[in-house]
Number of protein chains: 6
Amino acid sequence: MSISIDNSPQRADGRALDQLRDVRITRGWLDHAEGSVLVEFGRTRVLCAASFTEGVPRWKKGSGEGWVTAEYAMLPRATDSRNSRESVKGKIGGRTHEISRLIGRSLRAVVDVSALGENTIVLDCDVLQADGGTRTAAITGAYVALADAIAWGRAHGAITGGAEVLTDSVSAISVGIIDGTPMLDLPYEEDVRAETDMNVVVTGSGAFVEVQGTAEAAPFNRGELDSLLDLAVGGTATLAEIQRAALADAPAGR
Amino acid sequence: MSISIDNSPQRADGRALDQLRDVRITRGWLDHAEGSVLVEFGRTRVLCAASFTEGVPRWKKGSGEGWVTAEYAMLPRATDSRNSRESVKGKIGGRTHEISRLIGRSLRAVVDVSALGENTIVLDCDVLQADGGTRTAAITGAYVALADAIAWGRAHGAITGGAEVLTDSVSAISVGIIDGTPMLDLPYEEDVRAETDMNVVVTGSGAFVEVQGTAEAAPFNRGELDSLLDLAVGGTATLAEIQRAALADAPAGR
Amino acid sequence: MSISIDNSPQRADGRALDQLRDVRITRGWLDHAEGSVLVEFGRTRVLCAASFTEGVPRWKKGSGEGWVTAEYAMLPRATDSRNSRESVKGKIGGRTHEISRLIGRSLRAVVDVSALGENTIVLDCDVLQADGGTRTAAITGAYVALADAIAWGRAHGAITGGAEVLTDSVSAISVGIIDGTPMLDLPYEEDVRAETDMNVVVTGSGAFVEVQGTAEAAPFNRGELDSLLDLAVGGTATLAEIQRAALADAPAGR
Amino acid sequence: MSISIDNSPQRADGRALDQLRDVRITRGWLDHAEGSVLVEFGRTRVLCAASFTEGVPRWKKGSGEGWVTAEYAMLPRATDSRNSRESVKGKIGGRTHEISRLIGRSLRAVVDVSALGENTIVLDCDVLQADGGTRTAAITGAYVALADAIAWGRAHGAITGGAEVLTDSVSAISVGIIDGTPMLDLPYEEDVRAETDMNVVVTGSGAFVEVQGTAEAAPFNRGELDSLLDLAVGGTATLAEIQRAALADAPAGR
Amino acid sequence: MSISIDNSPQRADGRALDQLRDVRITRGWLDHAEGSVLVEFGRTRVLCAASFTEGVPRWKKGSGEGWVTAEYAMLPRATDSRNSRESVKGKIGGRTHEISRLIGRSLRAVVDVSALGENTIVLDCDVLQADGGTRTAAITGAYVALADAIAWGRAHGAITGGAEVLTDSVSAISVGIIDGTPMLDLPYEEDVRAETDMNVVVTGSGAFVEVQGTAEAAPFNRGELDSLLDLAVGGTATLAEIQRAALADAPAGR
Amino acid sequence: MSISIDNSPQRADGRALDQLRDVRITRGWLDHAEGSVLVEFGRTRVLCAASFTEGVPRWKKGSGEGWVTAEYAMLPRATDSRNSRESVKGKIGGRTHEISRLIGRSLRAVVDVSALGENTIVLDCDVLQADGGTRTAAITGAYVALADAIAWGRAHGAITGGAEVLTDSVSAISVGIIDGTPMLDLPYEEDVRAETDMNVVVTGSGAFVEVQGTAEAAPFNRGELDSLLDLAVGGTATLAEIQRAALADAPAGR
């Protein structure tokens with residue numbers, strides 16, 4: 001007698017539960033920026049531009065340390081129906097602020113600001129097209145743009161000394177529970193149906209930088225939390241490889 | 001033969017690692033609000049006011065469902081040095097937005113919006129004095145103010161029908177790792193020293209509503225994450241008892 | 001033969017026409033501020049925090065003089081129905097500006113800025129609960145918080161020299177004409193009914209700092225103006241005594 | 001034997017202490033506005049435009065009552081050195097708000113809103129040149145523009161019924177104490193030297209609408225207050241005559 | 001045999017097709033400004049104030065060059081129906097920005113910034129009454145105010161050296177095509193009916209500074225464009241004479 | 001004897017004076033938008049998204065006519081050094097407003113709003129990379145996205161009736177005078193050196209929609225103006241062909 005376990009794919013796009021969407025990282029997408037990446041998680045498409053400038057904000061001056069920060073935004077027609085521009089509304093929404101802060105924190109977790117020296121790198125992550133997972137794609141792509149900008153800084157003599165600026169790599173992925181089943185890397189149509197939604201930021205060596213889980217429809221228990229973390233650790237390990245492969249190509253940029 | 005385990009308190013204020021600060025919940029602190037609570041976690045002091053109004057925002061009209069939302073803010077001199085008012089700066093900072101959204105989501109997780117009917121409850125959580133854990137105190141106090149406002153709505157005939165509006169209670173606590181040691185309920189001086197900082201929102205029945213862990217100084221591993229979650233589950237269980245006790249008193253309010 | 005004068009109380013709360021509400025001044029309500037007072041005029045409750053910082057705004061630098069200013073604000077649910085936050089609206093209303101300026105001017109009238117030296121004291125007056133007379137309560141409480149902050153500055157060596165910084169005390173009260181009868185210290189329900197409404201700021205020695213009378217419903221004549229001024233002078237004399245008594249207690253604050 | 005009393009003028013511009021500057025009221029200065037006045041108090045020059053529109057703000061709809069409001073502003077180069085535009089700064093200053101509110105209240109004090117019917121009149125008072133007393137000139141001129149706009153409303157059938165909309169006239173003047181001497185109608189150079197500064201709004205029949213006295217340098221006593229009020233009552237009586245004379249001319253406007 | 005060509009005026013106000021409205025330039029309209037002009041193109045009335053200050057914006061410091069800029073605005077009741085103030089709305093509209101920039105560029109085209117030295121002149125052009133052509137009247141009047149401010153700067157020793165600051169004069173006029181007929185200097189009623197509308201800025205020596213033609217209703221061909229340019233060149237030649245005549249009078253200003 | 005005329009290319013990128021940069025139009029670049037184009041003029045890269053919605057703004061309701069409008073913006077790192085986001089600054093700059101208005105007017109010049117019916121199309125033109133000519137690339141690309149959105153509207157039954165919505169095509173190009181030589185389609189490095197800069201918007205049938213010429217360094221004469229117009233007419237004729245070719249491909253979009 002045999003028991004048949006249905007482990008076959010059950011998602012709209014035919015993916016396995018623990019499978020990422022097609023991930024593409026295109027370096028050097030912009031001519032001006034010191035580092036730039038067009039990152040795609042399926043139909044989600046984020047342009048990450050790293051701007052390197054010598055000097056730091058006033059409150060960091062004389063510290064010997066650099067600064068890394070990020071700004072996230074979405075083009076009006078990145079989504080299925082058009083959203084008003086935040087510049088036209090005259091203020092930035094809560095979600096935008098929250099994600100900008102998350103990206104900045106995630107990148108700073110793998111930066112040795114002393115090794116960076118008194119330089120500033122700003123990561124602009126502009127969502128050209130949104131289909132779920134924009135913040136995780138942004139973190140994953142921004143890391144690669146950041147690496148290119150740091151290489152630029154070293155090549156142009158703005159970063160000196162032998163210490164590595166990047167202490168590790170970092171990537172992020174979304175996981176969620178839909179109809180009671182934990183899944184990896186949710187597109188929009190799955191995201192809106194998820195009972196629980198979690199974004200997890202993990203270093204290349206597998207340590208957690210951020211864990212942000214939210215019960216959208218129903219609180220989740222410890223077992224579900226553990227399953228979600230397992231999926232995220234697996235997904236980010238794959239992303240770390242993709243990042244490594246992308247950076248193994250010849251240096252991009254100006 | 002005996003093994004000596006050092007379980008003695010090692011914190012500046014003499015608390016055990018898994019011990020909450022003194023928590024006080026004072027209902028009916030305001031005369032006008034339909035529900036109001038002054039909640040104190042040690043020296044952190046948050047005034048939570050629940051405003052009940054009949055009707056819902058336009059995008060909810062005709063849905064038969066109610067709406068619960070929250071706004072968090074801090075008085076200029078809640079902190080050790082004065083901060084500029086956000087009303088004077090003309091815009092709300094990212095942190096403020098992020099916490100307001102967290103409080104709203106946490107409360108909605110235990111509200112049956114159909115049972116609430118087309119009524120709106122706004123929770124204003126104003127930090128009068130800040131000493132770490134303001135968002136967790138706000139959630140914990142806001143739940144009690146919300147419960148009072150719902151009772152007011154029922155007593156005044158705005159909420160009808162037999163269904164319970166509150167499906168559970170909800171509270172929140174911060175946990176963190178300091179010098180490698182996981183601890184519960186961090187005051188400001190511990191919070192700034194924490195390598196990892198996590199806010200956990202848990203229902204009265206012990207399920208997770210939000211898990212927000214951030215590596216401030218060093219990424220954390222799975223074992224550390226598990227310890228933090230254990231501490232948080234214990235702390236919120238105690239908070240749920242304190243909430244129950246507070247609500248067992250005679251009804252407060254206008 | 002006797003003439004019967006009807007001097008019996010005729011107000012909703014049973015007070016005599018020239019009688020203040022219960023006034024309470026609680027010093028040291030906040031742990032961080034250099035001076036802080038919770039002031040209550042009946043149900044009106046204002047938290048006054050004085051922040052002392054060395055140095056002055058740029059336009060005062062090198063003048064040898066200090067600066068004292070104030071900001072007034074109201075929590076959303078201080079009033080009977082909820083008001084939108086000014087930080088959310090993105091601008092400060094006219095009334096808020098006007099009262100902030102009044103409080104600042106009133107306090108500066110009793111400060112010798114040369115004796116203060118190049119130090120700045122900001123008074124934050126946040127109305128926790130409003131029941132008429134919030135600006136007069138704010139001025140009355142802010143004076144006490146200011147005195148504590150000045151004492152702090154002297155104790156911590158930021159204020160030097162023998163000259164007194166405070167040249168006098170200052171307090172304020174509202175008066176109004178209701179149904180033709182002048183009355184002292186109007187709560188909200190009287191305030192909305194008043195034909196004429198006047199706020200008067202008076203020094204401890206009985207001189208006027210501000211007189212702001214407004215005909216809400218009907219212009220007032222010289223005789224009525226004189227009666228209102230008499231009531232205000234009496235009321236502020238009592239407030240000055242209450243301030244003196246509060247400050248006679250042991251020094252509060254950090 | 002004779003006693004010589006020094007009653008000779010002692011002011012920079014040779015005026016007596018109780019003498020107004022040259023006051024000119026030019027009606028119909030604009031072609032489009034339903035009422036418009038260029039009012040001059042010496043070199044102070046304010047353009048007052050009354051805009052009449054049928055209908056009232058939403059919160060007045062169905063009340064049968066009209067609404068009168070005012071906005072005060074200053075051109076950037078009205079003053080001796082240029083001020084930034086409030087539209088460029090993106091927010092309106094406290095002083096601007098305060099004066100706009102004062103003008104609106106002063107005019108409403110002489111308007112029977114029921115007789116006005118559900119119509120709105122907005123008074124725009126733009127200071128083209130400032131030399132002290134801009135708010136008092138604005139009130140004095142705005143009253144005349146208001147009267148013309150009301151006449152326009154009646155002539156065009158928007159105001160019906162026999163009741164007078166204007167119950168009285170209203171004008172305003174500044175008074176102050178300089179070197180211990182009370183004086184009427186202060187130009188800028190006197191205003192900055194005044195120990196006490198008071199703006200008084202008085203109806204044509206001599207009753208007070210607003211009394212706003214401020215001790216700029218030294219608190220003032222009851223006797224000084226009385227002298228200032230006497231001067232203001234005399235000055236506004238003259239202004240009321242000038243208004244009457246201006247309105248006696250043929251109707252102005254479109 | 002004769003052919004009758006209808007060259008008679010056909011415009012509402014009886015003007016010939018190539019005829020300007022009555023143009024008046026009144027210098028010294030303000031007492032404080034270093035240069036000021038009330039310019040009238042028919043019923044269009046713009047107050048141009050030139051503010052001269054020593055020094056330049058930070059980004060020009062040490063360049064040896066001066067800076068000339070302009071701000072355009074409209075009083076709320078300059079138009080037939082009232083417009084909201086941009087200061088109240090909290091932001092400046094696109095049209096306002098566009099015209100401010102045009103005025104600044106037009107004036108800078110005739111200024112030798114090296115001869116000006118490190119001085120700044122700001123031109124405030126406030127439309128008191130609008131009847132078409134406000135931007136062209138503003139440029140024409142602002143040039144005269146600018147000339148007076150430069151003379152003031154020279155007279156007060158802020159501008160030194162022998163070089164002329166003004167290299168030419170500059171004026172502007174609108175032209176348009178109505179019912180297929182090109183016309184000069186359109187008032188509002190013609191402007192709204194125009195198929196094509198063009199603003200042309202021309203120097204005193206007849207060279208173009210700006211050509212801004214817009215097809216409002218129907219695209220225009222090369223022949224029509226040429227006719228419009230001919231009209232504009234003729235109109236600005238007349239304006240240049242009027243400017244010269246105005247400046248030939250005795251110096252105005254403070 | 002022969003005279004040698006130097007007609008050989010003299011531009012940094014080797015182009016002839018009347019030659020466009022490489023122009024690429026990629027339709028259907030976005031999955032969500034009803035029409036979308038990535039347009040490239042050399043290194044200038046603009047993403048044009050057309051959003052089709054049924055219904056019109058309130059002021060157009062019941063008119064039977066549709067509405068077409070545009071918003072232009074630039075990503076922070078589109079340029080050589082990073083610019084602050086307008087959403088972060090909280091206001092939109094003058095240049096942004098001006099270009100948005102230009103794009104909207106240019107497109108409306110070829111739209112029959114009655115044939116469009118009560119539908120709204122918003123064109124978002126976001127500059128991903130800027131190298132001169134961003135507004136002309138935006139107009140040229142937006143026209144194609146608009147055509148696709150109109151086709152979408154017809155295919156989905158939102159546009160009915162037989163009338164053509166587009167009455168013509170429209171494109172735009174920049175021209176300028178550098179070192180006395182008129183040239184077509186200026187990249188950034190030429191644009192900053194141009195004495196005169198002109199943007200010309202021309203229909204497919206060769207009529208002018210907008211002519212915006214500005215003397216950046218020296219006023220220009222009639223002959224120069226004519227040369228610039230000749231170049232622009234030639235360049236836009238080529239652009240019109242490129243647009244036609246792009247639209248000849250199979251329909252793009254969702």
Side-chain angles (χ1 to χ4, degrees), chain A residues 69-72 86 89-106 108-110 113 167-170 177 195-226 228-230 232-233 236, chain B residues 69-72 86 89-106 108-110 113 167-170 177 195-226 228-230 232-233 236:
Chain A
T69 187
E71 289 187 10
Y72 166 96
E86 296 188 322
K89 288 188 287 189
K91 56 177 155 185
I92 293 179
R95 185 182 169 278
T96 297
H97 267 302
E98 195 169 331
I99 298 177
S100 293
R101 290 159 50 89
L102 169 65
I103 300 170
R105 279 198 313 268
S106 297
R108 286 193 295 274
V110 297
V113 288
T167 59
D168 202 337
S169 71
V170 69
I177 302 175
E195 293 105 51
T196 286
D197 179 28
M198 186 174 293
N199 291 292
V200 186
V201 184
V202 182
T203 64
S205 56
F208 296 100
V209 171
E210 288 267 343
V211 174
Q212 295 198 336
T214 297
E216 298 290 347
F220 50 99
N221 61 37
R222 191 69 172 262
E224 291 170 322
L225 176 51
D226 284 336
L228 291 171
L229 291 169
D230 291 342
V233 167
T236 50
Chain B
T69 187
E71 291 187 7
Y72 167 96
E86 296 190 321
K89 289 188 285 188
K91 56 177 155 184
I92 292 179
R95 184 181 171 278
T96 298
H97 267 303
E98 196 169 330
I99 299 177
S100 293
R101 290 158 50 89
L102 170 64
I103 300 171
R105 279 199 311 270
S106 299
R108 285 193 296 273
V110 297
V113 288
T167 58
D168 204 336
S169 71
V170 68
I177 301 175
E195 295 106 49
T196 286
D197 180 28
M198 186 174 293
N199 290 291
V200 187
V201 184
V202 182
T203 64
S205 55
F208 296 100
V209 171
E210 290 266 343
V211 175
Q212 296 198 334
T214 297
E216 298 291 348
F220 50 98
N221 60 35
R222 190 70 172 261
E224 290 171 323
L225 177 51
D226 284 337
L228 291 171
L229 292 169
D230 291 343
V233 167
T236 50

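Protein chains get the first letters and strands the later ones, always in sequence-line order, with residue 1 at the start of each.
Per-residue heavy-atom pair counts under 4.5 Å with chain B were compared for A:V233, A:L225, A:T203, and the maximum is reached by A:L225. For the set B:G93, B:S205, B:A207, B:S100, the count of heavy-atom pairs under 4.5 angstrom toward chain A peaks at B:A207. Looking only at heavy-atom pairs under 4.5 Å with chain B, the residue among A:M198, A:Q212, A:E210, A:E224 that has the most is A:E210.
The shortest non-hydrogen separation linking A:V209 to B:F220 is O-CE2, 4.0 Å.
Heavy atoms of B:D226 lying under 4.5 Å from chain A belong to its backbone as well as its side chain. Neither the backbone nor the side chain of B:D197 has a heavy atom closer than 4.5 Å to any heavy atom of chain A. Of the two parts of A:R108, neither the backbone nor the side chain holds a non-hydrogen atom closer than 4.5 Å to a non-hydrogen atom of chain B. Both the backbone and the side chain of B:T214 come within less than 4.5 Å of a heavy atom of chain A. Looking at A:I92, the atoms closer than 4.5 Å to chain B (heavy atoms on both sides) all sit in the backbone: N, CA, C or O.
Evaluated for a side chain to side chain contact (heavy atoms under 4.5 Å, CB included) with B:R95, the options A:H97, A:R101, A:E98 yield exactly one hit, A:R101.
Distance check, rounded to the nearest 0.5 Å: CG of A:L229 to CG of B:L229 gives 8.0 Å.
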